[in-house]
Amino acid sequence: MLNNALFTVDYSEMVIVKDIDFYSLCEHHLLPFFGKCHVAYIPSTKVIGLSKIPRIVDVFARRLQVQERLTNQIADTIRDTIKPMGVAVVMEATHLCMSMRGVEKQNSFAVTSAMHGAFRTSSRTRMEFLELIKLRSAVAGLRDAGGYACLAEEA
Ligand SMILES: [Zn+2]
């Protein structure tokens, strides 16, 4: 999938691709969940062609999924492919299985994140990323409390 899309560059600033639309199917309820995915990484020696990042999201979304696993798979793929200084993935999704359970939950959505490397070890890097993607929700409160990640994996 990525063989022709890796480039060696001298660039070590954060690369962000945000607001990637995705559409997936919850494996527990066989109902759709969909929303936005935000991806960032800090290259060490290689970068991925920018257009390939939505493609990675797509490949994993197009299966029966749980949002937490989907988030991890995207982050792990980027980490394993280009060995960056850090990679971060945040996904915000509306789950039909959630919204069908009552009016008061219709506008609720789930946020998951996976942080590796610098995004895990440096709160400044993490904040910069979160600031740049400006989540649309009350997640800001959690962010300030430093407990943003519903789901985070060891780097
Ligand atoms: Zn579900």
(request) Please identify each residue that fulfils side-chain hydrogen bond (donor to acceptor under 3.5 Å, both in side chains) with D21, with sequence neighbours left out. (result) K36
(message) Using every non-hydrogen atom in the two residues, find where T71 and A114 come nearest and quote the distance to one decimal.
(response) CG2-N, 3.6 Å
(request) Compare every heavy atom of C37 with every heavy atom of V89, then report the nearest pair and how far apart it is. (result) CG1-SG, 3.9 Å
(request) State, with a plain yes or no, whether a side-chain heavy atom of K18 is found less than 4.5 Å away from one of L132. (result) no
(message) To the nearest 0.5 Å, what is the distance between CG on L96 and CG on L30?
(response) 12.0 Å
(message) Please verify the inter-ring angle class for F129 with F119; under 30° counts as parallel, over 60° as perpendicular, anything in between as tilted.
(response) perpendicular
(message) The criterion is side chain to side chain contact (heavy atoms under 4.5 Å, CB included); which residues satisfy it with S44, sequence neighbours excluded?
(response) M85
(message) Would you compute the distance between atom CD of E68 and atom CE of M91 and round it to the nearest 0.5 angstrom?
(response) 11.0 Å
Compile the donor-acceptor pairs under 3.5 Å between side chains in residues 49-66 and protein atoms, sequence neighbours left out, one pair per line.
residue: D58; atom: OD2; partner: R62; partner atom: NH2; Å: 2.5
residue: Q65; atom: OE1; partner: R69; partner atom: NH1; Å: 3.1
residue: Q65; atom: NE2; partner: F60; partner atom: O; Å: 2.9
residue: Q65; atom: NE2; partner: Q73; partner atom: OE1; Å: 2.7

(message) I'd like to check P43 versus V15 (side-chain heavy atoms, cut-off strictly below 4.5 Å). Are they in contact?
(response) yes
(message) I need the full list of ring pair (Phe, Tyr, Trp, His ring centres under 6.0 Å) pairs touching residues 67-97, with sequence neighbours left out, sorted by first then second residue.
(response) F33-H95
(request) Find the distance between CE (M115) and CZ (R126) and round it off to the nearest 0.5 Å. (result) 7.0 Å
(message) Tell me whether H38 contacts the main-chain N or O of D19 through its side chain, where contact means a donor paired with an acceptor under 3.5 Å.
(response) yes
(message) Test of understanding: with side chain to side chain contact (heavy atoms under 4.5 Å, CB included), list the residues that count as partners of T81, not counting sequence neighbours.
(response) L2, L6, T77
(message) Please enumerate all residues that pass side chain to side chain contact (heavy atoms under 4.5 Å, CB included) together with K83, with sequence neighbours excluded.
(response) none
(request) Could you go through the side chain to side chain contact (heavy atoms under 4.5 Å, CB included) check for L130 and V90 one step at a time? (result) CA-CA 9 Å; L130 294 173; V90 169; 4.3 Å; yes
(message) I'd like to check the ring pair (Phe, Tyr, Trp, His ring centres under 6.0 Å) partners of F7; sequence neighbours left out, ordered by chain and number.
(response) none
(message) Among residues at least two apart in sequence or on other chains, which ones pass ring pair (Phe, Tyr, Trp, His ring centres under 6.0 Å) with Y41?
(response) none
(message) Check for me, please, whether V111 and I16 land in the same ILVMFWY cluster - side-chain distances under 4.5 Å, paths through other members count.
(response) yes
(message) Could you report the tightest heavy-atom contact between I78 and P84, atom names first, then the distance?
(response) O-CD, 3.8 Å
(message) Quick check: closest heavy atoms across K46 and T8, and the distance to 0.1 Å?
(response) NZ-OG1, 3.6 Å
(message) Quick check: is L31 connected to L25 through a chain of hydrophobic side chains (ILVMFWY, heavy atoms under 4.5 Å apart)?
(response) no
(request) Give, for atom CG of L70 and atom OG of S24, the distance between the pair rounded to the nearest 0.5 Å. (result) 5.5 Å
